[in-house]
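For reference, positions follow the sequence shown, starting with 1.
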Amino acid sequence: MPTEPLSQKEIEDRLRELPGWSLDGDRITRGYELADHFAATALVVHVAQIQQELNHHSDLTLGYKSVALAVHTHSAGGVTEKDFELAARVEAVAPGHGAR
């Protein structure tokens, strides 16, 4: 059964549960600042591991001391429950890397 995109209201309601995340077009996005490049790289590796476990992959950008994610379900043409599951998992591990 294909995953259905969430309505605008559902997305807005769910974003209230994820401070720092926002809707940008057809995806939810979040940027993190870290202490240094090594910490940022470690967060990227941790996020990649979560994405593999969920079999759901985001656009993931590594900067010098930053990490950015843009998440949507391409096959559904928008934001789905899978995207919020990934975002919540990332939010759970980010503080352990010193992300803010």
Give the minimum heavy-atom separation between A76 and P5, together with the two atoms involved.
O-CG, 3.5 Å
Do side-chain atoms of E91 reach the backbone of L18 as a donor and acceptor pair under 3.5 angstrom?
no
Verify the cluster assignment for F38 and L62: are they in a single hydrophobic cluster under the rule of side-chain heavy atoms below 4.5 Å apart?
no
Non-hydrogen atoms of L34 and A39 that approach each other most closely
CD2-O, 3.6 Å
H72 vs I28, side chain to side chain contact (heavy atoms under 4.5 Å, CB included): CA-CA, chis, key distance, verdict
CA-CA 7 Å; H72 78 297; I28 56 173; over 6 Å; no
About how many Å separate CD of E81 and CG of L6, when rounded to the nearest 0.5 Å?
6.0 Å
Taking all non-hydrogen atoms of both residues, which atom of V71 and which atom of V79 are closest, and how far apart?
O-CG2, 4.4 Å
Return the set of residues passing side-chain contact (heavy atoms from CB on, under 4.5 Å) with Q52 (not counting sequence neighbours), or none when no residue passes.
H57
Decide side chain to side chain contact (heavy atoms under 4.5 Å, CB included) for T80 and E85; before the verdict, give the C-alpha distance in whole Å, the side-chain angles of both, and the deciding distance to 0.1 Å.
CA-CA 9 Å; T80 67; E85 180 181 2; over 6 Å; no
Would you call R30 and V90 a side-chain contact if the rule is heavy atoms closer than 4.5 Å?
no
Evaluate side chain to side chain contact (heavy atoms under 4.5 Å, CB included) for L86 paired with I50, printing each intermediate quantity in order.
CA-CA 7 Å; L86 175 57; I50 292 167; 3.7 Å; yes
Working to the nearest 0.5 Å, report the span between CD of E10 and CD of E4.
10.5 Å
Can we say E17 and R14 salt-bridge, meaning some charged N sits less than 4.0 Å from an Asp/Glu carboxylate O?
yes
Residues D59, R27: salt bridge by 4.0 Å N-O rule:
yes
Within the 4.5 Å heavy-atom criterion, are E53 and R89 side-chain neighbours or not?
yes
Under a plain distance cut-off of 3.5 Å, with no hydrogens placed, do D24 and T29 share a side-chain donor-acceptor pair?
no
Taking atom types as modelled, is there a side-chain donor on S58 or Q51 under 3.5 Å from an acceptor on the other?
yes
Short question: side chain of T73, backbone of S75 - any donor-acceptor pair under 3.5 Å?
no
Between H37 and Y64, what is the ring plane arrangement, given parallel below 30°, perpendicular above 60°, and tilted in between?
parallel
Where is the tightest heavy-atom contact between G78 and D83, given as atom of each residue plus distance?
O-OD2, 3.6 Å
Under a 4.5 Å cut-off applied to non-hydrogen side-chain atoms, are V67 and T61 in contact?
no
To the nearest 0.5 angstrom, please state how far the NE2 atom of H74 sits from the CG atom of D26.
9.0 Å
Output the distance between atom CG (D13) and atom CD (Q8), rounded to the nearest 0.5 Å.
10.5 Å
What's the separation between atom CH2 in W21 and atom CG in L69, rounded to the nearest 0.5 Å?
4.5 Å
State, to 0.1 Å, how close G63 and A40 come at their nearest heavy-atom pair, and which atoms those are.
O-CB, 4.3 Å
